[in-house]
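What follows is a single structure, written as structure tokens, with notes after it.
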2 protein chains.
Amino acid sequence: MTKLPLDKPLSISYNATGCNDQERMMMAKTVQTIEDIARLANVSKSTVSRALNDSPLINQETRERIQSLAREYNFRINAPARNLSMRQSHTLGFVSYACSGKNFSAENMFGLELLGGVSDGLRPLGYDLLVVPVEPHDTTWAHQYLNSGRVDGFVLTISTRKQKMINELVNMGIPFILWGFPQPNSSFCTVCGDDVTGGRIATEYLIRTGRQHIGFLGGPMDEIEVKYRHHGYELALQNAGRYLDPDLVVYGDYSHTSGITAMKRLLEQKPDLDAVFVNSDVMALGAIQYIQSCGKRVPEDIAVVGYDDLLLARYNNLPITTIRQNIPLAGKLLAENLIQYIQTGVVTNVNLPVELVIRKTA
Amino acid sequence: MTKLPLDKPLSISYNATGCNDQERMMMAKTVQTIEDIARLANVSKSTVSRALNDSPLINQETRERIQSLAREYNFRINAPARNLSMRQSHTLGFVSYACSGKNFSAENMFGLELLGGVSDGLRPLGYDLLVVPVEPHDTTWAHQYLNSGRVDGFVLTISTRKQKMINELVNMGIPFILWGFPQPNSSFCTVCGDDVTGGRIATEYLIRTGRQHIGFLGGPMDEIEVKYRHHGYELALQNAGRYLDPDLVVYGDYSHTSGITAMKRLLEQKPDLDAVFVNSDVMALGAIQYIQSCGKRVPEDIAVVGYDDLLLARYNNLPITTIRQNIPLAGKLLAENLIQYIQTGVVTNVNLPVELVIRKTA
DNA sequence: CCTTATACTGCAACCGGTTGCACGCCGGCA
DNA sequence: TGCCGGCGTGCAACCGGTTGCAGTATAAGG
């Protein structure tokens, strides 16, 4: 094969490969490697590789010719080969507990929407998302997936971010990003919502709309984000000169059931309650259910503000007034910032603004 | 390096590598390839490869020695290298729509639980699960993921199994498995539930417990599984000598909202309704909510039987009587049978038994 | 004792990319 | 005319596994 003079038009270059349209159709199915493209373009496979990666080393005409050839023949680069060669997988792992019930259920709806958000955020970056099932007390999964070159890093969300596990990951130098708050001592990437503000604006809205006895129905008491939301709740009350009544504060575990039971407790403690700020939409659904089962009306008798703005808050029969967490953006940032960390080592800690979405329950 | 005589005890073989415990600790971090293991074991890397893959070619002692070395040094085989060499990715793709709201929301809870089931089912098989986001009208994703060697095949569930897409996959010869029913003409792998029986036993139970006017609240009218469930419903009624009242039949779209609106329609058409068989737990939740909002009691005034037995049916405040689909088993079979198809070309069509779970709503 | 079968093991090619380095060709300048 | 530098390209090694085939040692059989 002789090399083509570069000053010839592209169409002639094509024909110079010595195959007509029909033959090309036949080959379409067999063009699988950059070497095939190289043969078609009369160049070496290094040139093809560089051209497809937009390397500045390559002459522009050559690059375009090769790229259009690749397009024409529907060439897909071989991921394992590239990953092997480059020693990175271009894949992130989404950590979830192995016994799927814990994660893949309505109780973890926020985590699942976040999964969708991360998946969407990853697409434009050319990365893939792998589901990484983890045994609760196993500590080897990280090395297992990392050292085998299956993923370049991990995304941890609510259900899998126990303190102990995070510390271990940090100690082992595993690249990961966390949905949640950063820690003072150790440095790792995080994305979280502005929970203080969330708690504050929810409560302020209830105050502003004339509610007198505003309850706080929290998530797990030991979670930082819950503490922050509670802090925001107190701030709003204090600013309004209200008394902080401990009987107005109860905690659940984010589940629908706990929304019901916690609401029951709250109403027993404070029968004159006329509003409640609930730490998740799923719990809010439970709370509303309980309130209605008592013969009270939402929002007339008791106003309810949820948290997260899940889709089910929007499409519920009685659409929920709630604090929106920007889940698509959160997913995008989890994806982008983890990849940035992997590539550059830059640690980012993002705090996302939240916003009050007024619907029908308050 | 001289080869070790095989009749020497294992412990000596270890020492023969000429490194003490401390050195071995040091190396622990650098043992990344089978070549490293080969050096340690004084064998060639082919032998290590075969030993780790339990090849019968390898002497049992040698194999055990190598395997324990691998364990000791915490060796993880390099996935890209193996995938490249074997020309398979050992990874399955779970197809979901790209704009995540469509999939990763409570409306698609069954699909999400199935995702968890597939993930769990895949683990013991040594396969990974990749999230494959698909643009609704894109037809190139399959080749994109397959030809790039990122996945060996696909799992399709409810939200992504439009007829057109399936036909295209079949025509292109893409390996996939479907949650749903097989088609008479084309042959591909499927796993589905026994919807006729499901519809029948739900209805029979309502008849047996003395209900007189039993409604059918279906999923989308054009879905085969819905037709089967309706067929089962009719069978039960006919067997009991009941009249088939078309006013007792309404349809929704599996969503919570549609459960509410369809229930409303049903009660308007048949105010004396005293039971309803609903095609999904999520819709059942909506139906129950509407019934209660009318001041009627569940199950005293109106009995409700759901479908799927999602976790939320179990943990709901008023646990739902429902038709259990064995989701963990479904996931396991989707995983196993797709892999079997990929490896052997055997097409399987499984119909899973369903079962009535009696709780509080009927 | 020699032949041949058997049981292991090693060599080397291969999977399909990436990339450091060498090389050829060109124009510009002395 | 000769030398130099830069641009564009190709060669070949490498990433870390798998596997066909050849080779060796040992045992079995004649």
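Model, not experiment: these values are computed from the prediction. Sequence lines set the chain letters: A, B, ... in the order given, protein chains first and strands last, and positions in each chain run from 1.
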Check whether any side-chain N or O of [X] sits under 4.0 Å from OP1 or OP2 of [N], and answer yes or no.
X      : N       : answer
R87(B) : dC14(C) : no
S44(A) : dG10(D) : yes
T62(B) : dT9(C)  : yes

Between [N] atom [atom2] and [X] atom [atom1], what is the distance in whole Å?
X      : N       : atom1 : atom2 : answer
M86(B) : dG20(D) : CE    : C1'   : 15 Å
Q32(B) : dC14(D) : CD    : P     : 19 Å
I77(A) : dT19(C) : CD1   : P     : 11 Å
L52(A) : dT19(C) : CG    : C1'   : 15 Å
E35(B) : dT18(D) : CD    : C1'   : 13 Å
D54(A) : dT18(C) : CG    : P     : 12 Å
N83(A) : dG16(C) : CG    : C1'   : 11 Å
Q60(A) : dC7(D)  : CD    : C1'   : 14 Å

If you assign each of L57(B) and L84(B) to its closest nucleotide in DNA chain D, which residue comes earlier from the 5' end? L84(B)
Please examine the side chains of [Y] and [X], heavy atoms only from C-beta on, and report whether any two atoms are closer than 4.5 Å.
X       : Y       : result
I342(B) : L92(B)  : yes
I166(A) : F188(A) : yes
F75(A)  : D36(A)  : no

Nearest-nucleotide 5' precedence on DNA chain C, P56(B) against V48(A):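 Comparing both residues, the 5'-ward one is P56(B).
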Please classify the nucleic acid contact of N53(B) as base, sugar-phosphate, or nothing, using heavy-atom distances under 4.0 Å.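 If one applies the 4.0 Å heavy-atom cut-off, N53(B) turns out to touch the sugar-phosphate alone, with no base involved.
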With hydrogens left out and only the distance checked, is there a donor-acceptor pair under 3.5 Å joining [X]'s side chain and the base of [N]?
X      : N       : value
S85(A) : dG17(C) : yes
K45(B) : dG17(D) : yes
S46(B) : dC11(C) : yes

Verify, without hydrogens or angle tests, whether R65(B) (side chain) and A41(B) (backbone) share a donor-acceptor contact under 3.5 angstrom.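 Answer holds: yes.
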I'd like to know if the side chain of S148(B) and the backbone of Q144(B) have a donor-acceptor N/O pair within less than 3.5 Å. yes
Minimum-distance nucleotide to [X] side chain [options: [options]]:
X      : options                   : answer
I58(A) : dT9(C), dT18(C), dT9(D)   : dT9(D)
R50(A) : dG16(D), dT19(D), dC11(D) : dC11(D)
S49(A) : dT19(D), dT9(D), dT19(C)  : dT19(C)
N59(B) : dT9(D), dT9(C), dT18(D)   : dT9(C)

Residues N78(A) and Q32(A): side-chain donor-acceptor under 3.5 angstrom: no
